[in-house]
Amino acid sequence: MPELDGTETHANLKLAFALASQANQRFVWFAQAADVEGHPETAALFRSVAEGEGGHAVDHLEWLAAVGDPVTGTDIGDTADNLRAAIAGETVEYQGLYPSFAQTARHEGLHEIADWFDTLVRVERSHVERFQRGLDELR
Amino acid sequence: MTVTYDPSHSAYVDEADTRGELTRVFDVCNECRRCVCLCSVFPSLFDMIGQHADQDAGRLTPEQQDRTVDQCFHCKLCAVDCPYTPDRHALQINLPRLILRAQAMRFTHGHHEASRTSTRVLASTSMVGAVGAAFSSVANRWIGAPSGSFRRRMLTRLTGVSSVRRLPEFAAQRFSSWLRHRGDPPVRTDASTQRPVAVFATCVVEFQLPAIGRDVVRVYERNGIPCVATQAGCCGAAWLDAGNVKTFTRVAATNVELLANEVRDGCAIVVPDPMCTHVLRNDYPLYVRSPDAELVAANTFDACEYLMTLNGNDGEFELDTDFVGPVPVRVISYSGSQLRGDVAGERAAELLRLTGAAVHTAGETVGDTGWWGVRAGREAEVRRIAQRLVDSVVAADHTGEAMVVSNSAFASIAVAELTGVLPLHPLQLLARAYGMAEE
């Protein structure tokens, strides 16, 4: 099979992975809303399809892994590489993304959302620390 | 630690086991943080865990765990969207039930304020309500005294009730007394007679806001549904929330016997408040563990939910839609949080849409502070939560002219303290829409 890296298919797979991951979570959220509204069968339908979408996302990642982590661009595959990719991703989140998002939300007067982003900064930093410990123990 | 929410389990009130389970669940909560905006439990918990570099919830002291548990006002919202509930995930987390387990553990081992007289008084709502209503003119001079006054502070010392909150006064006539003494109920003869209902009024409606109960009965009778007053007393929620499982189970068992008889006599049980509906449907079967408790749970409905359940049922019942009285153009409806986990839907909003009003819901992420919020020292949190509800209503009502209704008496009281206007119960709005003047 030709190389995937740099192809249009590579970009499509990354988009497909993002869409399937989002569909998985969107349908979980929809299921919870259906529960609250008293539609248990619809909730079960959403949950069932959410599982399927989660499976799609994993399958997309199987193809992408040959090129690298679609989020950080680093190597993934074996556990050490996966831990390094996780550390890289969470680091970007807690050092760059969430603080910036929090600042923007505060500037826009959306203080509750700003607080939400702020609380995630701390969690993502703890993830980095935990993944780093996991990597150290693996060596 | 043992994952159990069964009060009869041998490890249920074991201190080490319960604290181990709190650690397990607090670790998961700390990672997820989805509930951080719901109440003070979560920000406080995350701050305490965050003091430790390794973010290990196991480093919390028992006192810190207890402080977390004490901030819970039992609104049940954290279980509604939790990704880890027993029906959804192997982690089997039911935080509201774990909080109740922790309270029971603390009460059993004497770590809890529930041993104090004020908590016993606060939980004895049937007795306090009966005395307050019997001597309402005297009682109201105390409960109606200005916030922070000498009388209110004395009342706090005796009962634990907040000296600051503006609480409704005791009614001169109890709801059940009104229902029993009103003579032959004017049930519409042109409406097909439906299964009768026993109205489980709740303490607030029985002793302080009987107008809600009166309108529930009048709306039901308008629709051919005869109403009787239940013989059962207070649901006992305050005992359960304080960790006194033994007293709660005794109160629940007594009520189950009375309510089961009413069901066997042909009645459905209708409740105008979500907190007590939740207790009868979810807690009574778990703590009383009898076929009668299951019977009561299966036949207990929120007062709006019941009408909508009948309305959709094979065409045998159709709600009277002859609304000759005032119908607001826009309505914002807040449904008490304890019903969200019951998969009951927004039945109040559905019911009110039948009047022709444009009905929107609000406060889906705002918890009901209930009896917890009546206690002294909790005023700031009650005010903060009520403000969130008011903000949610304002966000839902772009015109600023909508009528606000709520099936939660406690939420309505808290909103009234902020805005000066007491939201109606949905069935009060319906009664006005039928052209029935307030009695």
Side-chain angles (χ1 to χ4, degrees), chain A residues 21 24-51 53-54 86 90 93-94 98 101-102 105-106 108-137, chain B residues 27-38 42-57 76-77 79-85 87-89 302 305 308-309 312 335 337-350 361 364-366 384 387-388 391-392 395:
Chain A
S21 304
N24 166 262
Q25 288 303 300
R26 281 166 62 235
F27 296 161
V28 166
W29 192 88
F30 295 167
Q32 287 169 350
D35 269 335
V36 169
E37 288 177 22
H39 305 298
E41 285 169 7
T42 310
L45 167 64
F46 275 128
R47 288 202 170 92
S48 164
V49 178
E51 295 269 353
E53 291 291 347
E90 302 294 88
E93 283 182 4
Y94 96 80
Y98 285 137
F101 292 171
R106 236 171 262 297
E108 291 177 342
L110 299 165
H111 299 289
E112 238 183 72
I113 300 174
D115 289 342
W116 168 238
F117 284 135
D118 273 336
T119 202
L120 291 178
V121 167
R122 286 186 275 177
V123 175
E124 306 299 2
R125 185 168 63 201
S126 83
H127 290 169
V128 169
E129 289 160 4
R130 291 170 70 190
F131 283 138
Q132 187 60 57
R133 274 198 297 279
L135 185 60
D136 294 340
E137 282 159 18
Chain B
D27 259 334
V28 178
C29 292
N30 188 45
E31 286 295 316
C32 173
R33 303 208 170 199
R34 189 159 177 192
C35 300
V36 69
C37 293
L38 292 182
F42 300 97
S44 162
L45 173 66
F46 302 152
D47 280 347
M48 287 190 285
I49 295 175
Q51 304 287 320
H52 306 284
D54 59 4
Q55 300 270 326
D56 181 359
K76 319 298 182 190
L77 268 187
V80 173
D81 288 341
C82 178
Y84 307 107
T85 51
D87 57 332
R88 291 174 191 154
H89 200 281
D302 166 75
E305 176 195 20
M308 289 311 293
T309 302
S335 189
S337 57
Q338 294 87 354
L339 275 183
R340 290 197 184 280
D342 272 13
V343 197
E346 287 280 3
R347 306 323 290 270
E350 289 173 27
T361 58
E364 286 84 349
T365 60
V366 181
R384 189 181 75 82
Q387 186 62 58
R388 285 189 61 219
D391 291 345
S392 175

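Lettering of chains follows the sequences in order, A, B, ..., and the numbering in each one begins at 1. The basis for the numbers below is simple: all heavy atoms, side chains too, and nothing from hydrogens, waters or symmetry mates.
Only the side chain of B:Arg88 comes within less than 4.5 Å of a heavy atom of chain A; its backbone N, CA, C and O stay farther away. At a 4.5 Å heavy-atom cutoff, the contact between B:Arg388 and chain A is made by side-chain atoms alone. At a 4.5 Å heavy-atom cutoff, the contact between A:Arg130 and chain B is made by side-chain atoms alone. Only the side chain of B:Gln55 comes within less than 4.5 Å of a heavy atom of chain A; its backbone N, CA, C and O stay farther away.
Checked by atom type and distance alone, the side chain of B:Arg33 pairs as donor or acceptor with a backbone atom of A:Thr119 at under 3.5 Å.
Shown here for A:Trp29 and B:Arg34, the closest heavy-atom pair between the two residues is CD1-NH2, 3.5 Å. In terms of heavy atoms, A:Gln32 sits closest to B:Asp81 at NE2-O, 3.2 Å. The minimum heavy-atom distance between B:Asn30 and A:Val123, with the atom names listed, is O-CG2, 3.4 Å.
In terms of heavy-atom pairs under 4.5 Å with chain B, the best-connected choice from A:Arg133, A:Glu129, A:His127 is A:His127.
Atom OG1 of residue B:Thr85 and atom CG of residue A:Asp35 lie 8.5 Å apart, to the nearest 0.5 angstrom. Note that CD of A:Glu112 is 7.0 Å distant from OG1 of B:Thr365, once rounded to the nearest 0.5 Å.
At a threshold of 4.5 Å between non-hydrogen side-chain atoms, the residues B:Val36 and A:Asp115 do not count as touching.
By the neighbour-count criterion of 12 heavy atoms within 6.0 Å, atom CD of B:Gln387 is densely surrounded, having more than that number from other residues, nucleotides or ligands.
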